[in-house]
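Both ligands and their constituent atoms are indexed starting at 1 by order of listing. Every heavy atom of this structure was used, including side-chain atoms; hydrogens, water molecules and symmetry mates were not.
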Amino acid sequence: MEWIRGETIGYGTFSTVSLASSPSNNGSGEFPTFMAVKSADSYGAASLENEKSVLDKLGDECDEIVRCFGDDRTVENGEEMHNLFLEYASRGSLESYLKKLGGEGLPESTVRRHTGSVLRGLRHIHANGFAHCDLKLGNILLFGDGAVKIADFGLATRVGEVTTLNEGVQIRGTPLYMAPEAVNDNEYGSEGDVWALGCAVVEMFSGKTAWSFKEGSNFMSLLIRIGVGDEVPMIPEELSEQGRDFLTKCFVKDPKKRWTAEMLLHHPFVAVDLDHDGLVEGEGFVVNLKTEEEVSTSPRCPFEFPDWLSVSSGSQMIDSPEERVASLVAGSIPDWSVTNSWVTVR
Ligand SMILES: Nc1ncnc2c1ncn2[C@@H]1O[C@H](COP(=O)(O)OP(=O)(O)OP(=O)(O)O)[C@@H](O)[C@H]1O
């Protein structure tokens, strides 16, 4: 495919995203005239390869997942670039859209619609055996017709697959959206995507991050709040009762008891007819909650870090949660980067 790189439309940790035009296609062929091209040098190549491989496996049948049109390599300024061609979201990410509102959130009816869309995307991802692992407003894209789609599958992983990238504890994604089991046990699965969705819903509605944090504060203290004790993210009081109830289903600390995307799709917060002015309640929905027997009878204590204890602590006993999280961070050999005044750790 012949294509021309246009203006830059976004920056990520691993890549730069630009507009790409393919005039020879004229919109009539296999590819649209305008696409987004996500480009990375050798440092980001593995993430792009993973993204393409996951998007290929997810296929094109889910409207709530950004489409991938293929990849290629170019040499630009003497450097080999890896390029991934994606459906172009003309209105950018929900994160950039919200920024333009200057701290305001979206109307609840819009939040409900977007939440339903993201849930349909997540259901497809999870049904195919993957977890996205980096769901956040920056990775939910807004299209000209008001539709939203899930993007950025660079960190997506097969559920249950043991990662070999790092033998120690690994932290991936954005701390603000991290689920307790990711903080405590290094577990990244479909349940973590549901927790992150809850954080995204709070942010969409309130215009503020779900966890309050002071500018410049240490992210370890946030990890402790997420992983330890009963605190859950802020649930906006102005949200309807249905919305608040929806969030309590996302913010269940025990991942085995957290609702799945499939279950949440039947929750009245999203199972409503939004084509009418008056919201029609989702009637008679049946949610098969897991029984106490199905979930672990002895949930693991959030302070348990068995791998970490054997790898990092030797014979020394570590007493406080602060020390545990500090060691978790030290053991992960993270790649730090600061995005939007927050720390992303991979
Ligand atoms: N298909 C697209 N259409 C329009 N804009 C896009 C598209 N894909 C990405 N962008 C923009 O580029 C930004 C970075 O993209 P993306 O998140 O996929 O990159 P990344 O390197 O994986 O970043 P990170 O992992 O740090 O979130 C997005 O937040 C969005 O603003």
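Listed by number with element, the atoms of ligand 1 under 4.0 Å from a non-hydrogen atom of I9 are 4 (C), 5 (N). Applying the 4.0 Å criterion to heavy atoms of K38 picks out, from ligand 1, the atoms 16 (P), 18 (O), 19 (O), 20 (P), 22 (O). Near N139, meaning under 4.0 Å from any of its heavy atoms, are these atoms of ligand 1: 17 (O), 27 (O). Interface atoms of ligand 1 facing A36, defined by a heavy-atom separation under 4.0 Å, are 1 (N), 2 (C), 3 (N). Atoms of ligand 1 found under 4.0 Å from any heavy atom of K136, numbered from 1 in the order shown, are 27 (O). The D134 neighbourhood of ligand 1 comprises atoms 25 (O), with distances under 4.0 Å to a heavy atom of that residue.
Contacts of L155 with ligand 1, taken as heavy-atom pairs under 4.0 Å, are absent altogether. In A89, the parts holding a heavy atom less than 4.0 Å from any atom of ligand 1 are both the side chain and the backbone. At a heavy-atom cutoff of 4.0 Å, ligand 1 is contacted by the backbone of E87 but not by its side chain. Heavy atoms of E51 found under 4.0 angstrom from ligand 1: none, in either backbone or side chain.
Looking only at atom types and distance, the side chain of S93 has no donor-acceptor partner in the side chain of N139 under 3.5 Å away. No side-chain donor from either of S21 and R5 sits under 3.5 Å from a side-chain acceptor of the other.
Residue-to-ligand polar distances keep V66 apart from ligand 1: every N/O pair is separated by 3.5 Å or more. Looking at T13 next to ligand 1, an N or O pair under 3.5 Å apart turns up. Considering both main-chain and side-chain atoms, Y88 never comes within under 3.5 Å of ligand 1 through any nitrogen or oxygen pair.
Annotation: cation-pi pair K57/F130 absent, no NZ/CZ under 6.0 Å from the ring centroid and within 45° of its normal.
Heavy-atom proximity to atom 30 (C) of ligand 1, evaluated over L94, L141, V17, is greatest for L141.
Rounded to the nearest 0.5 angstrom, M35 CE and S22 OG are separated by 5.0 Å.
In this structure, the ring of W195 has its center less than 6.0 angstrom from the ring center of F251. For F85 and F69, the distance between ring centers is not under 6.0 angstrom.
The backbone N or O of N83 sits nowhere less than 3.5 Å from a side-chain atom of R73 that would complete a donor-acceptor pair.
For G138, the heavy-atom gap to ligand 1 drops under 4.0 angstrom.
For the pair M178/L223, a side-chain contact is recorded, criterion being any heavy-atom separation below 4.5 Å from C-beta on.
Between E87 and K149 there is a salt bridge, since at least one side-chain N of the basic residue sits less than 4.0 Å from a carboxylate O of the acidic one. A salt bridge links E231 with R225: at least one charged nitrogen is closer than 4.0 Å to a carboxylate oxygen.
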